[in-house]
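Naming convention: chains lettered A, B, ... in sequence-line order (proteins, then strands); numbering from 1 in each chain. What you see is a predicted model, and the numbers here were worked out from it, not measured in a lab.
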Protein chains: 2
Amino acid sequence: MFAVQRGTPMATQPMATGRPATIHDIAALCGVAASTVSRALANPERVNIRTRERIQAAAVELNYTPNSQAKALSSGKTGAVGVLVPDITNPFYFDLIRGTQLQLKAAGYTQLLVDTEESDEVEASTLEQLRKSADGVIVAASRLNDDSLAAAAALMPMVTVNRDVDGVPAVIIDTPSAMPQALDHLISWGHTSVAYVSGPAVSQSSARRWDALSAAAEERGVEVRRLGPFAPKTQSGAAAADAAVHSGVTACIVFNDLIAIGMLQRLRERGLRVPEDMSIVGCDDIFGADFCNPPLTTMSSPIEQAGRVAVSMLLAQLNPLAGGGNRNRSVMPTHLTVRGSTGPVPST
Amino acid sequence: MFAVQRGTPMATQPMATGRPATIHDIAALCGVAASTVSRALANPERVNIRTRERIQAAAVELNYTPNSQAKALSSGKTGAVGVLVPDITNPFYFDLIRGTQLQLKAAGYTQLLVDTEESDEVEASTLEQLRKSADGVIVAASRLNDDSLAAAAALMPMVTVNRDVDGVPAVIIDTPSAMPQALDHLISWGHTSVAYVSGPAVSQSSARRWDALSAAAEERGVEVRRLGPFAPKTQSGAAAADAAVHSGVTACIVFNDLIAIGMLQRLRERGLRVPEDMSIVGCDDIFGADFCNPPLTTMSSPIEQAGRVAVSMLLAQLNPLAGGGNRNRSVMPTHLTVRGSTGPVPST
DNA sequence: ACTATCTTGACAACCGATTGCCATTTACTG
DNA sequence: CAGTAAATGGCAATCGGTTGTCAAGATAGT
């Protein structure tokens with residue numbers, strides 16, 4: 001570790017200027033074989049306590065850190081976990097990434113973060129590459145089809161987020177369960193004509209949200225039409241807003257907050273007021289949903305926790321011995337957060 | 001690469017079910033030595049064209065991909081670059097990360113993204129660890145002191161972002177250069193009493209912004225006081241807003257948009273209007289600055305490009321042969337973006 | 001045709017750690 | 001005290017490549 005104190009950088013690691021110490025350096029210093037050093041550090045009980053302590057002391061003195069490449073090569077474990085997201089700049093993934101990062105670091109793993117650019121091909125080739133350079137992979141909002149994803153999962157430990165595929169452990173952020181709540185909320189304001197602004201065609205999340213919403217609408221005898229698909233970016237909000245206005249609905253439930261925020265901006269440009277002229281409900285409660293104008297009514301979930309759970313599930317696959325009951329599906333609760341973007345139906 | 005077409009997953013890679021092919025498999029198939037295969041793939045001109053083509057064909061047929069661990073071990077190059085940011089969830093870094101990610105991928109490198117949690121110790125230990133597992137490192141907004149950072153830079157190729165240290169190549173986002181613009185903008189609205197809401201005490205960016213601002217203020221005979229320090233989070237905005245109100249200034253130039261947005265929220269809570277009662281200028285033009293309420297006047301720069309430039313500068317260090325004139329300092333232009341959070345000084 | 005030069009490819013050491021196997025030492029039992 | 005079992009630690013192979021060395025073969029020059 002680099003010395004952090006002012007004025008005496010590196011004071012705690014005399015060897016830092018040379019190349020990093022290896023087990024051979026320690027072996028030489030202690031007069032034992034390299035393999036003994038390896039054992040003393042990995043299976044302490046296999047080595048005499050006195051030798052072990054000498055070795056550990058030497059390791060500290062030489063500031064030894066195992067070379068992860070070499071360890072990976074001989075053990076076959078890389079100590080790295082890949083995390084794939086479709087778009088790094090989508091705030092939804094920030095908290096997820098932070099959750100995985102924290103949990104992985106706590107477990108001594110390195111996170112390899114990859115932005116797959118909403119492309120199934122990039123995702124596929126990344127998975128192939130990761131097969132040799134990571135012990136496992138967490139795939140958020142996969143754009144791959146079920147077969148490809150299942151095939152990839154057969155080759156390396158995998159946990160998906162917001163994607164259900166047979167045999168692949170998954171963390172599901174249960175936004176659909178909040179759809180009835182959201183619809184009731186709109187109905188309570190008098191809305192009877194609602195649109196669902198859908199996300200990417202290949203997004204399973206979007207499909208599930210639509211299914212839940214249309215089922216709830218049918219039960220309640222409310223008309224819900226589907227608009228889209230739209231790319232999950234604020235820029236898509238303009239087209240989505242225009243489509244919503246044209247469709248004549250008085251309220252929209254939107255695939256995600258990014259599009260919803262874009263709609264808010266577009267509606268304002270067009271001189272329409274939210275929620276007086278149109279109510280908007282988003283999904284995900286991303287960064288910004290609370291301070292946009294008006295603040296967005298949306299569906300919130302513990303995203304960072306979802307990231308942590310995904311890591312835990314993956315680690316359970318990697319170290320089956322540690323017990324912990326291999327759940328292969330974890331559902332994160334979701335609830336409606338009401339803010340300022342929803343209100344009474346306009347009186348025509 | 002995984003097959004992406006529906007219905008025929010894996011069709012293009014017959015060997016995918018076994019373990020990945022090695023150069024030994026290729027050597028066996030072609031009846032040559034493993035080293036020949038290695039050369040045929042690395043220095044093609046060192047090998048007979050016919051043999052080479054046989055080997056390359058076999059490589060394709062077996063779907064060969066070099067094992068990066070093994071390559072790293074024997075060559076000493078890992079093909080990975082570490083990217084350190086103080087806080088992944090700070091939107092400022094999204095674009096930076098995306099820029100580094102894209103440029104690194106284009107150059108065939110893997111990005112190791114680490115959140116150092118605003119801690120100099122985490123940063124130091126991460127750098128130490130990365131010394132063996134990465135070829136170089138990009139450090140954004142380092143929280144380390146100059147000596148430690150210089151010491152770390154002496155041990156491995158490094159490029160800093162928004163941090164000037166002797167001998168360490170840096171990409172500087174030149175926000176300070178827009179400070180006079182921002183101040184003139186406020187003065188043009190009649191403000192004469194301005195506060196600088198500062199960021200973390202260890203942030204060199206914050207210090208530089210303050211220096212530029214106070215110099216500009218002195219030239220113009222305007223009073224500028226300094227408040228803070230505050231953590232770069234929206235939550236800090238509340239304390240910052242209260243401090244600003246208490247200090248009696250009519251306008252604030254804020255270390256970054258995160259704090260500025262937090263101030264906007266707090267001022268609204270306290271019943272103060274922006275910009276009627278108080279003008280706010282942020283820095284960075286992050287995601288959200290354009291749709292908060294009111295939209296934030298702030299200082300914009302090409303952040304994603306900064307990430308790409310940082311990678312280019314690092315790669316120039318890693319492959320000195322490729323020429324390209326080793327710049328060791330690159331300054332990104334910045335300009336003031338005026339939105340709705342600034343206005344005329346309140347008439348008392 | 002013969003030698004000088006260059007090209008080509010095989011062999012083996014090496015990177016740093018892990019691990020199976022075996023020899024030595026130590027401890028314990030009868 | 002002999003005998004056996006357990007504890008301990010060293011040797012060497014191995015992971016998948018890279019690279020230096022060198023010999024054999026091809027080409028060219030005279």
Side-chain angles (χ1 to χ4, degrees), chain A residues 15 18-56 58-59 62-80 108 110 129 131-135 319, chain B residues 15 18-56 58-59 62-80 108 110 129-135:
Chain A
M15 297 298 294
R19 97 177 52 66
T22 74
I23 58 170
H24 297 100
D25 299 328
I26 300 179
L29 189 63
C30 296
V32 299
S35 57
T36 305
V37 176
S38 176
R39 285 208 185 79
L41 268 23
N43 315 35
E45 70 284 359
R46 282 278 290 120
V47 167
N48 180 297
I49 179 142
R50 233 161 325 114
T51 320
R52 185 204 315 169
E53 279 169 359
R54 251 184 30 237
I55 289 175
Q56 287 170 338
L62 296 177
N63 190 37
Y64 168 77
T65 335
N67 180 311
S68 55
Q69 323 292 339
K71 184 180 288 196
L73 184 54
S74 56
S75 68
K77 304 279 112 201
T78 63
T110 300
Q129 199 210 317
R131 182 147 82 102
K132 290 197 293 301
S133 53
D135 294 343
N319 317 313
Chain B
M15 296 297 294
R19 98 176 52 66
T22 73
I23 55 170
H24 297 101
D25 299 327
I26 299 179
L29 188 63
C30 296
V32 299
S35 56
T36 304
V37 177
S38 175
R39 286 208 181 78
L41 268 24
N43 313 36
E45 70 287 359
R46 284 277 291 119
V47 166
N48 181 297
I49 180 146
R50 234 163 322 117
T51 320
R52 184 206 314 169
E53 279 169 358
R54 250 180 37 233
I55 289 175
Q56 286 170 340
L62 295 177
N63 191 37
Y64 168 77
T65 336
N67 179 311
S68 56
Q69 325 292 337
K71 185 178 287 196
L73 184 55
S74 56
S75 68
K77 305 278 109 201
T78 63
T110 301
Q129 198 209 318
L130 248 28
R131 182 146 81 102
K132 291 198 292 299
S133 53
D135 294 342

Nearest-nucleotide pick for [X], side chain only, options being [options]:
X       : options                : answer
B:Asn48 : D:dG9, C:dT8, D:dG10   : C:dT8
B:Val32 : D:dG9, C:dA10, C:dG16  : C:dA10
A:Ser35 : D:dT18, D:dC11, C:dT18 : D:dC11
B:Ala33 : C:dA10, C:dT8, D:dT18  : C:dA10

d([atom1], [X]; [atom2], [N]) in whole Å:
X       : N      : atom1 : atom2 : answer
B:Asn43 : D:dG17 : CG    : C1'   : 13 Å
B:Leu62 : D:dG16 : CG    : C1'   : 15 Å
A:Ile26 : C:dT18 : CD1   : P     : 11 Å
A:Ile49 : D:dA7  : CD1   : P     : 15 Å
A:Leu73 : D:dA13 : CG    : P     : 17 Å
B:Lys77 : D:dT19 : NZ    : C1'   : 16 Å
B:Tyr64 : D:dG16 : OH    : C1'   : 8 Å
B:Ile23 : D:dC15 : CD1   : P     : 12 Å

- Query: If you pin B:Arg39 and B:Gln69 to their nearest nucleotides in DNA chain D, which one's is more 5'?
  - Reply: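 The residue mapped nearer the 5' terminus is B:Gln69.
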- Residue pair B:Lys71/B:Arg46 against DNA chain D: nearer the 5' end by closest nucleotide is B:Lys71
- Just by distance, with hydrogens left out, do B:Thr65 and A:Lys132 show a side-chain donor and acceptor under 3.5 Å apart?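 Note: B:Thr65 and A:Lys132 side chains meet the donor-acceptor criterion.
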- Answer with base, sugar-phosphate or nothing: what part of the nucleic acid does A:Ser38 contact at a heavy-atom distance below 4.0 Å? base
- Task: Report which part of the nucleic acid B:Thr22 touches: base, sugar-phosphate, or nothing (heavy-atom distance under 4.0 Å, all strands).
- Result: sugar-phosphate
- Message: Using every non-hydrogen atom in the two residues, find where A:Ser133 and B:Ser68 come nearest and quote the distance to one decimal.
- Response: CB-OG, 3.7 Å
- Please report the closest heavy-atom contact between B:Ala58 and B:Leu29, naming both atoms and the distance. CB-CD2, 3.7 Å
- Query: Hey, does the side chain of B:Thr36 reach the backbone of B:Val32 with a donor-acceptor pair shorter than 3.5 angstrom?
  - Reply: no
- Test item: B:Ser38 side-chain N/O and B:Ala34 main-chain N/O as donor-acceptor pair under 3.5 Å: no
- Message: Taking the nucleotide of DNA chain C with the nearest heavy atom to each, does B:Ser75 or B:Arg52 sit closer to the 5' end?
- Response: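 Checking each residue's closest nucleotide, the 5'-ward one belongs to B:Arg52.
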- Task: Would you please confirm or rule out a distance under 4.0 Å between OP1 or OP2 of D:dT8 and any side-chain N or O of A:Thr51?
- Result: no
